[in-house]
Amino acid sequence: MLQSTQPIGIFDSGIGGLTVANAVSMALPNEEIIYFGDTAHLPYGDKSLEAVQGYSEKIADFLLEKNCKLILIACNTASAAAYETLKKHIGNRALLMNVIDPMVEAIANDSSIKKLGIIGTKGTISSGIYEQKLKAARPSLEASSLATALLASMIEAGFYNNSVSQAIINSYLAYPDFQDVDGMVLACTHYPLIRKEIEFFYHNRIKVFDSTDIISSAVKKVLTENNLLNTSRSKAHHFFVSDFTPSFEQTARIFFKGEIVLEHFPLWE
Ligand code: DGL
């Protein structure tokens, strides 16, 4: 039987998923978060389906050992590749959420969106998962997608909100299918950091969907429905990484606004 005082486990290929952890910690300040960033295997976007499924399973086991009541896959690539296999693996030991379903629901319910662009890693885009789920939710919605492989590493290297990042973003968004979209899905948990630049490209005329507030609201809803909302937090958050460098810690600070100390946990050794 799950208890409200148990922590929430959040994982990503690295530190990008901290944008989601940040949104969850703001929306649900009473929840204790155990974050795991698989920095030893970053980036997931270029890995095979089987590799991402294997990594995700081992991380889920780690989070189950940490007694998490809910595991949130804060990575679009792992959500696309491993959500179904993880669901079977975890069973009823914890609740499981991905970052794709709440985004699809928010978009499908927004009747102002008729034509949509989707950007993400190679893994997410080649899975076609957003198009499939959006088509099922609202068949009339038109969607085109583009793998924007450079963006996650560009952001991690500190290139955002500057002329270099804007030039790279502009070049991707010049994709012909994106010219008359009225919405853009940021299907990578790194991309909330370049949201403003994407809005700027479209002169703030389109709606941009990212996985911060949409996901934190979805987590709140799921915990509420399951009677698992924590009413007071007694423990601090923990942030584990499978490979530690001081530069990961520095970069982590751009993704997570509160105090953050990375703990090295060599899950693969
Ligand atoms: N943050 C991951 C995602 O949302 C992408 C980074 C990676 O390729 O590992 O897909």
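Whatever order the structure lists ligands and atoms in, that order sets their numbers, starting from 1. Because the structure is a prediction, the values reported are computed rather than measured.
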Report, in ascending order of atom number, the atoms of ligand 1 lying under 4.0 Å from any heavy atom of Y44.
7 (C), 8 (O), 9 (O)

Can you tell me if CD on Q179 sees more than 12 non-hydrogen neighbours from other groups inside 6.0 Å?
yes

Which part of S13 is near ligand 1, with near meaning a heavy atom under 4.0 Å away: side chain, backbone, both or neither?
side chain

Using the rule that Ile, Leu, Val, Met, Phe, Trp and Tyr join whenever any side-chain heavy atoms are under 4.5 Å apart, tell me whether V164 and M154 fall into a single cluster.
yes

Measuring from the heavy atoms of G120, does anything fall under 4.0 Å of ligand 1?
no

Do N170 and Q166 meet the criterion of a side-chain donor-acceptor pair at a distance under 3.5 Å?
yes

Work out whether the distance between some heavy atom of G45 and some atom of ligand 1 is less than 4.0 Å.
yes

Checking a contact table here: which protein heavy atom is nearest atom 2 (C) of ligand 1, and how many Å away?
C75 SG, 3.5 Å

To the nearest 0.1 Å, how far is atom 10 (O) of ligand 1 from its closest protein heavy atom, and which atom is that?
T77 OG1, 2.6 Å

I want to know whether F256 and F239 have ring centres closer than 6.0 Å.
yes

If you draw a 6.0 Å radius around NZ in K133, do more than 12 non-hydrogen atoms from other residues or ligands fall strictly inside?
yes

For atom 3 (C) of ligand 1, what is the closest protein heavy atom, and at what distance to 0.1 Å?
N76 N, 3.4 Å

May I ask you to check whether over 12 heavy atoms, not counting those of K122, lie within 6.0 Å of atom NZ?
no

Using a heavy-atom cut-off of under 4.0 Å, does the side chain or the backbone of T189 touch ligand 1, or both, or neither?
both

Counting only heavy atoms, which portion of D12 has something under 4.0 Å from ligand 1: side chain, backbone, both, or neither?
side chain

Sub-6.0 Å ring centroid separation between F240 and H264
no

I want to know if ligand 1 touches T121 in the polar sense, i.e. an N/O pair below 3.5 angstrom.
no

Subset of ligand 1 atoms that lie under 4.0 Å from at least one heavy atom of P43:
7 (C), 8 (O), 9 (O)

Show me, pair by pair, the donor-acceptor contacts under 3.5 angstrom made by side chains of residues 55-65, not counting sequence neighbours?
from: S56; atom 1: OG; to: V52; atom 2: O; distance (Å): 2.7
from: K58; atom 1: NZ; to: L267; atom 2: O; distance (Å): 3.2
from: D61; atom 1: OD1; to: H89; atom 2: NE2; distance (Å): 2.7

